[in-house]
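Order of appearance sets the numbers: ligands from 1, and atoms from 1 within every ligand. Note that the coordinates shown come from a computational prediction; the quantities given were computed from them, not determined experimentally.
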Amino acid sequence: MSLDKELAEYTAKTSHSRALHEEAVGVMPGGNSRTTTFFDPYPFYSQRGQGAHIWDADGTERIDFNNNYTSLVIGHAHPDVIKSVQAVAENGLSFPGPTEHEVRLAEMLTRRIPSLESVRFTNSGTEATMNAVRLARAFTGRSKLAKFEGAFHGTHDWVMVSVTPDPKTAGNRKRPKPVPWSSGIPPAVLKHTVVLPWNDREACAEILAREGDQVAGLIVDPFLCNAGLVPPADGFLQFLREETERRGIVLIFDEVISFRVAWGGAQERYGIRPDLTTLGKIIGGGLPVGAFGGRRDIMDFYDPRKGGPRISQGGTFNANPVTMAAGVATLNALTPEAYTRLDALGERLRGGIARLFTNTRRKGQVTGVGSLLWLHWTTETLTDYRSTRPKDAEAALRVFVGLINEGILLTQRGLGACSLAMSDDDVDRFVNALARVLARG
Ligand SMILES: Cc1ncc(COP(=O)(O)O)c(C=O)c1O
């Protein structure tokens, strides 16, 4: 079935969402507040979520493999989270100062992540990476930021560079050019950004040898979670650790998504100790959150009790007790057994999809780790951002809309995540739905 036919079925099934969208565009550009979640003609409006399921404004139920872009790891409206949130909310939603809830979540995170000697909270992953970048600059006295081509680290200016660049305008694969991801990014940002090619040690070493003494921080999402979940090549993260250490560059692990793959995140899986870590999504149990932390001597820049050059961090709702309590309840549910179960769900899903591609000889592949997956519409060997760009540009959207029509929600670009609320049957429903979408494609 063509994209047009899938969209015709979608619009026929979502008349209440369409009506809401028509109302919304009168008061909001595009009719909502998240460009990254918009798709043409309109995204459906959600009404309710429970466990693995989500209901839209027309009352249609779907299995949610989007999980608010991976941020829900134990499912929608988990009873423990709701109970905690309700109990805390009854005593006040936010205060002009710290609460005990913040201390408890900070303790849980520092116990799970040994490199996190000290931590602070924000309201989003964007603010977490923004603070980590500022901190790296303050600590080193240097101004440039190194990031990987294709990597997404939020929506502040310093990281909105080379996120989904067209290779035609992005220079040589081994020496990628900084490309703004948005209008409104000042040229000064590009001048202060060093773009690295994922998994290419030789090229990275060459670039860092040339520019390393001006680089304050190197930010890396250890699984390239927003550019195809392309795993790091053997020893690549270790290589980054050694290069940054040698050159006095602050190594920032952006674990906003990858923290969901293990008790101590990707850094535990790979045995790497970064200087700073940024977190978000699952640590707020479904509420707005972010955190950054790491080496105490670096984090001390935020300590108002110390002298010297300091960093001021504001944020009216930082560490609000409701978010903190939701985070504590969620992490309490993420026991070692829970990770085993999440891994099993992810493996079952990726295995089922891989078999489907083989049996139907489709030009696709699936990547992922733990509870995460990414559907690719290319047969090229996946090594970096450029290799993940689909040959058939429409395929991802066609499958995304086709799956919605089949009662399965993914993300537009192909990223998906299992939650603890899912059963084996839910996972099998995904594979069967995908088989039907591909059969009519
Ligand atoms: C790796 C990574 N870093 C940072 C962010 C930004 O987080 P937020 O959307 O909470 O601002 C995201 C969001 O998807 C992310 O995936």
Side-chain angles (χ1 to χ4, degrees), residues 32-38 65-73 113 120-136 145-164 181-182 196 198 217-232 237 251-262 265-267 269 274 276-294 313 315 317-320 323-324 326-327 330 367-374 385 388 410-417:
N32 70 44
S33 304
R34 289 167 83 179
T35 308
T36 42
T37 68
F38 179 81
F65 285 88
N66 177 310
N67 278 304
N68 194 13
Y69 289 78
T70 77
S71 61
L72 298 166
V73 67
I113 308 175
R120 273 204 170 193
F121 293 101
T122 63
N123 290 303
S124 66
T126 291
E127 292 163 78
T129 61
M130 183 184 74
N131 277 283
V133 170
R134 182 174 298 145
L135 184 49
L145 174 71
K147 78 173 285 285
F148 284 92
E149 192 171 54
F152 175 75
H153 300 291
T155 51
H156 60 89
D157 287 358
W158 293 114
V159 291
M160 287 181 81
V161 178
S162 297
V163 177
T164 55
W181 191 40
S182 160
L196 302 170
W198 185 242
L218 188 161
I219 189 165
V220 55
D221 172 343
F223 292 124
L224 209 62
C225 290
N226 292 287
L229 276 167
V230 179
L237 295 175
L251 179 63
I252 307 164
F253 263 34
D254 182 356
E255 298 236 36
V256 166
I257 291 183
S258 64
F259 184 54
R260 68 152 44 227
V261 304
Q267 56 194 273
R269 276 216 175 189
L276 295 177
T277 297
T278 53
L279 299 163
K281 301 211 191 249
I282 69 163
I283 68 159
L287 291 174
V289 80
F292 63 99
Q313 183 206 6
F317 297 106
N318 286 356
N320 73 79
T323 295
M324 298 295 103
T330 301
T367 54
V369 56
S371 51
L372 296 165
L373 86 149
W374 193 295
Y385 157 72
T388 64
L410 201 63
T411 67
Q412 291 96 308
R413 291 179 66 209
L415 171 68

**Student:** Hey, is Thr126 touching ligand 1 through its side chain, its backbone, both or neither, going by heavy atoms under 4.0 Å?
**Tutor:** both
**Student:** Give the contacting part of Tyr69 toward ligand 1: side chain, backbone, both or neither, where contact means a heavy-atom distance below 4.0 Å.
**Tutor:** neither
**Student:** Nearest protein heavy atom to atom 7 (O) of ligand 1, by residue and atom, and its distance?
**Tutor:** Gly125 CA, 3.2 Å
**Student:** What residue among Thr122, Asn123, Thr323 forms side-chain hydrogen bond (donor to acceptor under 3.5 Å, both in side chains) with Asn318?
**Tutor:** Asn123
**Student:** Please write down residue, atom name and distance for the protein heavy atom closest to atom 16 (O) of ligand 1.
**Tutor:** Asn226 ND2, 3.0 Å
**Student:** Can you report which non-hydrogen protein atom sits closest to atom 14 (O) of ligand 1, along with the distance?
**Tutor:** Lys281 NZ, 2.8 Å
**Student:** Is Val256 in polar range of ligand 1, meaning some N or O pair under 3.5 Å apart?
**Tutor:** no
**Student:** For atom 4 (C) of ligand 1, find the nearest protein heavy atom and state the residue, atom name and distance (0.1 Å precision).
**Tutor:** His153 C, 3.4 Å
**Student:** Considering only protein heavy atoms, determine whether one is less than 4.0 Å from atom 10 (O) of ligand 1.
**Tutor:** yes
**Student:** Side chain, backbone, both or neither: which applies to Thr155 and ligand 1 if a contact is any heavy-atom pair less than 4.0 Å apart?
**Tutor:** neither
**Student:** Does ligand 1 have a heavy atom under 4.0 Å from the side chain of Glu127, from its backbone, from both, or from neither?
**Tutor:** neither
**Student:** Among all protein heavy atoms in this structure, tell me which lies nearest to atom 3 (N) of ligand 1, with the distance rounded to 0.1 Å.
**Tutor:** Asp254 OD2, 2.7 Å
